[in-house]
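Notes follow once the structure below has been shown.
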Amino acid sequence: MTQATFSIEFFPPKTDEGVVKLRETRKQLAQLKPKFFSVTFGAGGSTRDRTLETVLEIQGEGLAAAPHLSCIGSTRANIREILDIYKSHGIRHIVALRGDLPSGVADPGEFRYANELVEFIRQETGDWFELEVAAYPEMHPQARSYTDDLANFKRKVEAGANAAITQYFFNADAYFNFVDDCQALGIAIPIVPGIMPISNYAQLARFSAMCGADIPRWLAKKLESYYDDTASIKAFGLDFVTGMCDRLLAGGAPGLHFYTLNQAALTSALWQRLGL
Ligand code: FAD
């Protein structure tokens with residue numbers, strides 16, 4: 001078996017204060033020596049410059065960086081321009097996504113789905129970029145069915161994705177079941193679980209409802225019972241997520257990708273507890 005890979009995700013800060021804070025977060029997390037840091041890309045290209053600036057800053061610190069790139073609302077010319085910029089800076093790794101149209105925007109642009117973006121990147125740039133795509137063990141919320149979503153995931157792999165990162169989940173069986181289903185379809189790329197540390201229950205519940213991540217009832221009730229006792233939520237969340245990550249790695253997951261929300265503490269604690 002190849003060695004497991006661990007990666008860390010940030011979003012591009014909006015303010016100067018956020019930039020300074022992210023530098024501090026990065027300094028702490030760089031000590032963990034992840035394979036790469038990825039930086040998200042706002043809906044409709046809204047963070048295009050800030051994503052690039054953050055990625056270049058990470059690269060400038062001698063660390064590996066992968067920008068996310070979403071295509072909805074874009075033209076081929078827009079995407080080509082971004083690929084050229086990334087190439088000119090020696091960036092060789094992209095997380096390729098469809099993204100979601102910002103509210104109030106009706107024009108979907110020239111790409112409908114992420115498989116078209118992957119195909120376009122391969123056409124334009126050959127094997128220059130290592131491409132990651134998104135996977136949904138609990139089904140993307142807009143998919144017609146689980147089977148359809150799986151077939152759509154396969155399209156992205158066939159278009160040239162090298163690996164996938166999943167939406168976060170709190171049920172390891174959903175991941176194992178999804179990986180089995182992918183293998184049955186002949187999908188052989190690494191599918192790395194996306195891990196969301198638990199810090200704020202109200203925010204997590206809101207976000208999970210939007211992105212289709214299930215919080216099992218027992219877990220939701222337990223977290224709810226702490227009310228605004230954040231220390232207990234974090235302590236219990238850490239125990240729970242560590243246990244799930246242990247199970248994922250023992251069950252053959254090819255690595256873990258941590259959604260940090262630009263905070264270092266919980267990801268560092270998880271990393272240490274897992275002995276990575
Ligand atoms: P797709 O793979 O295109 O799938 C979207 C939906 O369309 C699914 O329901 C799928 O089943 C369906 N579908 C796909 N192809 C077809 C087809 N050919 N025909 C019919 N139906 C099809 N969002 C951001 O805005 N910025 C980010 O930086 C970002 N990073 C992310 C990172 C990860 C690891 C993950 C898991 C998600 C991320 N997202 C990000 C969220 C993502 O953009 C949304 O989940 C979005 O709704 C779907 O993007 P996708 O690339 O999975 O789309």
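Both counts, for ligands and for their atoms, begin at 1 and track the order of listing. Please read these numbers as outputs of a predicted model, since none were measured by experiment. One is the number of the first residue; the rest follow in order along the sequence.
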Ala106 versus Leu101, closest heavy-atom pair with distance: O-CD1, 3.9 Å
Heavy-atom check, side chain of Ser199 versus side chain of Gln263, under 4.5 Å: no
Asp180 CG: over 12 foreign heavy atoms closer than 6.0 Å: yes
Taking every non-hydrogen atom, the tightest pair across Tyr259 and Pro197: O-CD, 3.1 Å
Residues His93, Phe36; criterion ring pair (Phe, Tyr, Trp, His ring centres under 6.0 Å); working and verdict: CA-CA 9 Å; His93 194 171; Phe36 64 91; 4.4 Å; yes
Residues in ring-ring contact (aromatic ring centres under 6.0 Å, His included) contact with Tyr146, at least two apart in sequence or another chain: none
Near ligand 1, at a heavy-atom separation below 4.0 Å: residues by chain and residue number: Thr40, Phe41, His68, Leu97, Arg98, Gly99, Asp100, Tyr113, Ala114, Asn115, Ala134, Tyr136, His140, Gln142, Ala143, Asp149, Asn152, Arg155, Lys156, Ile165, Thr166, Gln167, Tyr259
